[in-house]
Amino acid sequence: MTTRTRLSIIVLFQLTLTASTPLVSGELAAREALTSNFFSAPLEVSNLEVQGDADATTLEWCSNLVAQTLATLPAEHASAVHNLTLTFDPDARRGLGGDNTVVLRCVNMTAQELVAVLIHEIGHTVDTGLIETESGEATLFLDRGTPVYDTDPSLEFYSASWIDEETWYGSKWNFVSGYARSNPYEEFAESYVLYVLNGQLFRKYATEKPVLAEKYDYLKEVVFEGLEYDLPQTTSKGATTRVYDVTRLDFDLESFLALRGQEDS
């Protein structure tokens with residue numbers, strides 16, 4: 001992969017617990033994992049919240065995976081997450097992301113799925129909390145009622161297959177997954193996680209569909225600043241079709257986490 005200078009992430013962690021969340025012995029381990037175990041400098045997240053009945057072992061397991069994932073992604077992407085909630089409600093959605101906030105369910109998921117869901121949600125924060133602009137002329141795209149401005153870098157990505165936030169055009173094969181056709185913001189997040197965890201598959205799609213080549217190049221040049229991922233291919237699923245949800249694709253978790261701290265990725 002392309003050489004990239006990984007920036008230090010310097011921020012303060014505040015652990016804020018909901019009134020219903022019991023104090024558990026694993027909280028200290030979780031804080032240490034998120035602030036020091038995997039970083040050369042403290043990770044900057046303004047608010048860390050733990051919701052639900054969290055047993056110490058699961059909390060530490062989840063926190064370590066989150067910390068390792070954040071430490072492996074580009075530093076500026078990780079630093080876009082200012083508010084992080086780890087929920088232990090088994091009925092909660094697997095993840096939510098947007099602006100500078102991520103909510104991640106820590107139960108009833110494998111390590112692979114948890115990491116993939118987290119990266120998908122970080123894709124949302126990169127899209128709407130890092131590279132988004134708040135000035136210019138309003139476009140036809142609305143994000144939860146707020147206009148996307150014509151100066152927003154993401155507009156180039158959206159416009160490749162969308163007229164507005166509800167209307168896509170062209171072939172369904174121009175999308176990396178079925179879920180990516182939900183709206184342009186989900187397409188961005190689905191494409192982001194495929195770019196990171198299954199880059200070889202994304203590049204295969206790009207050789208077959210010029211529109212997907214444009215989207216891949218956008219992510220490479222604008223979002224990842226030249227950085228590409230080349231994890232070993234561990235599944236043939238998706239090679240001849242499109243899965244509905246990229247976060248359920250198999251990937252080499254060990255190889256991904258081994259990228260942490262490397263200058264040459």
Side-chain angles (χ1 to χ4, degrees), residues 62 65-66 69-70 72-73 77 81 84-98 101-129 143-144 154 157-158 160-162 165-168 170-206 208-209 211-212 215-216 218-219 223-224 229 231-257:
C62 182
L65 277 174
V66 170
T69 301
L70 290 172
T72 304
L73 291 171
H77 294 194
V81 182
L84 175 63
T85 297
L86 305 180
T87 178
F88 290 79
D89 177 0
D91 297 320
R93 292 181 58 173
R94 295 184 304 157
L96 291 168
T101 297
V102 167
V103 179
L104 182 68
R105 194 182 77 204
C106 288
V107 291
N108 297 340
M109 284 204 285
T110 65
Q112 266 201 340
E113 185 179 8
L114 187 147
V115 168
V117 170
L118 175 58
I119 294 174
H120 173 104
E121 304 308 339
I122 290 173
H124 282 302
T125 67
V126 169
D127 180 21
T128 63
D143 181 12
R144 292 161 295 176
S154 293
F157 182 90
Y158 304 157
S161 291
W162 296 86
E165 76 279 4
E166 296 180 340
T167 312
W168 61 272
S171 169
K172 68 179 183 179
W173 301 106
N174 291 337
F175 297 84
V176 298
S177 70
Y179 190 44
R181 299 196 302 273
S182 301
N183 60 59
Y185 319 112
E186 293 300 344
E187 186 191 9
F188 189 103
E190 284 284 275
S191 300
Y192 182 95
V193 68
L194 187 70
Y195 186 95
V196 173
L197 299 180
N198 280 281
Q200 291 188 40
L201 181 59
F202 201 157
R203 289 190 288 275
K204 177 181 182 296
Y205 292 165
E208 300 167 349
K209 296 294 178 181
V211 173
L212 278 174
K215 294 173 182 178
Y216 184 92
Y218 169 87
L219 289 168
V223 178
F224 287 91
Y229 294 83
L231 301 184
Q233 200 71 32
T234 59
T235 179
S236 60
K237 190 175 181 180
T240 58
T241 183
R242 295 288 189 273
V243 297
Y244 178 73
D245 180 353
V246 168
T247 66
R248 297 189 186 278
L249 272 177
D250 188 59
F251 68 94
D252 193 324
L253 177 60
E254 183 177 351
S255 293
F256 169 68
L257 296 179

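Computed from heavy atoms alone, side chains included, the values below leave out hydrogens, waters and symmetry copies. Sequential numbering from 1 along the given sequence is applied to the chain's residues.
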| request: Might you point out which heavy atoms bring S177 and A180 nearest each other, and give the distance in Å? | output: OG-N, 3.1 Å

| For the side-chain contact (heavy atoms from CB on, under 4.5 Å) test, which of V66, L96, T87 pairs with L104? | V66

| field | Atom pair CG/OG1 of D143 and T128 - distance to nearest 0.5 Å | value | 6.0 Å

| message | Main chain of D250, side chain of Q112: is a donor-acceptor contact present, judged purely on distance under 3.5 Å? | response | no

| So do the side chains of L219 and F202 get within less than 4.5 Å of each other, counting heavy atoms only? | yes

| query | Measuring from L257:CG to T69:OG1, what's the distance to the nearest 0.5 Å? | reply | 6.0 Å

| message | Between N198 and Y205, do the side chains contain a donor N or O and an acceptor N or O under 3.5 Å apart? | response | no

| Do F251 and V196 come close enough that some side-chain heavy atom pair is under 4.5 Å? | no

| query | Quick one: are F188 and V223 in side-chain contact, heavy atoms under 4.5 Å? | reply | yes

| task | With side chain to side chain contact (heavy atoms under 4.5 Å, CB included) as the test, would you mind laying out the steps for W173 and V211 before giving the verdict? | result | CA-CA 9 Å; W173 301 106; V211 173; over 6 Å; no

| Which heavy-atom pair separates I122 from H77 by the least distance, and what is that distance? | CG2-O, 4.1 Å

| Separation of S161 OG from N174 CG (nearest 0.5 Å) | 5.0 Å

| Donor-acceptor pair, side chain of K237 and main chain of V243, under 3.5 angstrom | no

| request: Check whether more than 12 heavy atoms from other residues, nucleotides or ligands sit under 6.0 Å from atom CD of E254, and answer yes or no. | output: no

| remark: In terms of heavy-atom contacts, L201 and G238 come closest through CD1-O, 3.7 Å

| message | With heavy-atom distances below 4.5 Å as the criterion, would you say the side chains of P184 and W168 are in contact? | response | no

| request: Determine whether more than 12 heavy atoms belonging to other residues, nucleotides or ligands lie under 6.0 Å from atom CD of Q200. | output: yes

| task | Take T234 and D252 through the test side-chain hydrogen bond (donor to acceptor under 3.5 Å, both in side chains) and record every step on the way to the result. | result | CA-CA 6 Å; T234 59; D252 193 324; over 6 Å; no

| query | For residues 103-125, which residue pairs qualify under salt bridge (charged side-chain N to carboxylate O under 4.0 Å, His left out), counting only residues two or more places apart or in two chains? | reply | R94-E113, E113-R248

| request: Measure the spacing between CG of L194 and OG1 of T247 and express it to the nearest 0.5 Å. | output: 11.0 Å

| query | Considering all heavy atoms of both residues, which atom of L253 and which atom of A111 are nearest to each other, and what is their separation? | reply | CD2-CB, 3.8 Å

| field | S191 side chain reached by F157 side chain, heavy atoms, under 4.5 Å | value | yes

| field | Pairwise side-chain contact, I119 with F256, heavy-atom cut-off 4.5 Å (strictly under) | value | yes

| Minimum heavy-atom distance between S182 and W162, given as atom pair plus value | C-CH2, 3.7 Å

| So which pairs with a foot in residues 170-193 pass salt bridge (charged side-chain N to carboxylate O under 4.0 Å, His left out), sequence neighbours left out? | E187-K215

| Which of these, Y185, Y158, Y192, sits in a side chain to side chain donor-acceptor pair (under 3.5 Å) with D127? | Y158

| note | For G199 and Y216 the tightest heavy-atom approach is O-CE1, 4.4 Å

